[in-house]
Participant: 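Mind having a look at this structure? Questions to follow.
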Amino acid sequence: MRYLSDTGRVGRKAMRILLVEDDRMIAEGVRKALRGEGFAVDWVQDGEAALTAAGSETYDLVLLDLGLPKRDGLDVLRALRARGNALPVLIVTARDAVADRVKGLDAGADDYLVKPFDLDELGARMRALIRRQAGRCESTIRHGALTLDPAGHQVTLEGAPVALSAREFALLEALLARPGAVLSKAQLEEKMYGWGEEIGSNTVEVYIHALRKKLGADLIRNVRGLGYMIAKE
Ligand code: CA
């Protein structure tokens with residue numbers, strides 16, 4: 001499967017996605033694809049649950065269906081924007097009329113994709129939105145001799161490719177996206193895992209250890225009692 005191959009980890013500073021979709025088959029397909037790529041995905045099935053989730057958790061992106069039980073997707077979007085919530089919203093819907101697209105974008109959506117859609121295209125649109133949100137027009141993140149390419153899902157050190165697992169990539173991306181910022185273990189876990197995914201008690205430490213072995217002991221610093229950081233260049 002190569003669909004979101006690149007996304008996951010990428011912009012995805014270990015990204016957390018809110019998937020709002022009442023069609024179980026579509027939701028499970030999308031969730032599986034995104035999780036396979038290392039995204040943390042929370043899935044809700046109606047408009048009210050979407051608003052509650054968006055208000056209580058920090059997401060990098062919302063994938064929003066329009067035809068939803070309890071509260072229509074457009075309604076959800078307007079309510080989010082009225083609250084001042086600026087998180088990127090990608091509408092994914094069967095409503096394909098031009099008037100619907102215009103309404104969706106005017107209500108505050110950042111992009112609009114019509115069902116049935118191609119998972120490759122969904123991934124590319126997600127990456128573009130996440131990139132824009134991060135204020136990067138360049139997709140590759142550089143730090144000294146290290147580069148991380150979210151779209152290509154590749155890391156190089158002094159020009160040589162370094163093989164990372166999806167979780168390692170997600171962790172590294174989270175730290176590289178904000179050099180100089182200390183991220184707590186809980187913040188890193190929140191970026192790496194969706195609801196209901198079991199988190200081992202020492203997984204962050206295990207992944208940090210693996211990254212240090214592959215990328216050098218000095219890159220990721222342990223800030224005692226607070227968490228981890230990658231220093232600014
Ligand atoms: Ca629907």
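Keep in mind the model is a prediction, meaning the values are calculated, not measured. Just so you know, ligand 1 is whichever comes first in the structure, and atom 1 is the first atom listed for that ligand.
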Participant: Keeping H153 on the side-chain end and A166 on the backbone end, is there a donor-acceptor pair under 3.5 Å?
Facilitator: no
Participant: Do R81 side-chain atoms and A107 backbone N/O form a donor-acceptor pair below 3.5 Å?
Facilitator: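 Such a contact is absent between R81 side chain and A107 backbone.
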Participant: Passes side chain to side chain contact (heavy atoms under 4.5 Å, CB included), R24 versus Q45? Steps please.
Facilitator: CA-CA 8 Å; R24 180 169 289 270; Q45 303 179 55; 3.9 Å; yes
Participant: Determine, stepwise, if the pair T203 / E189 fulfils side chain to side chain contact (heavy atoms under 4.5 Å, CB included).
Facilitator: CA-CA 9 Å; T203 51; E189 282 170 349; 4.3 Å; yes
Participant: Could you pull out the closest heavy-atom pair between V182 and Q187, with the gap in Å?
Facilitator: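 Between these two residues, the closest heavy atoms are O-OE1, 3.8 Å.
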Participant: Using a distance threshold of 3.0 Å, what protein N/O/S atoms lie below it relative to the Ca ion (ligand 1)?
Facilitator: D22 OD1, D65 OD2, G67 O
Participant: Does D110 use its side chain to pair, donor to acceptor, with the backbone of V89 at less than 3.5 Å?
Facilitator: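 Side chain of D110 to backbone of V89, a donor-acceptor pair under 3.5 Å: yes, one is there.
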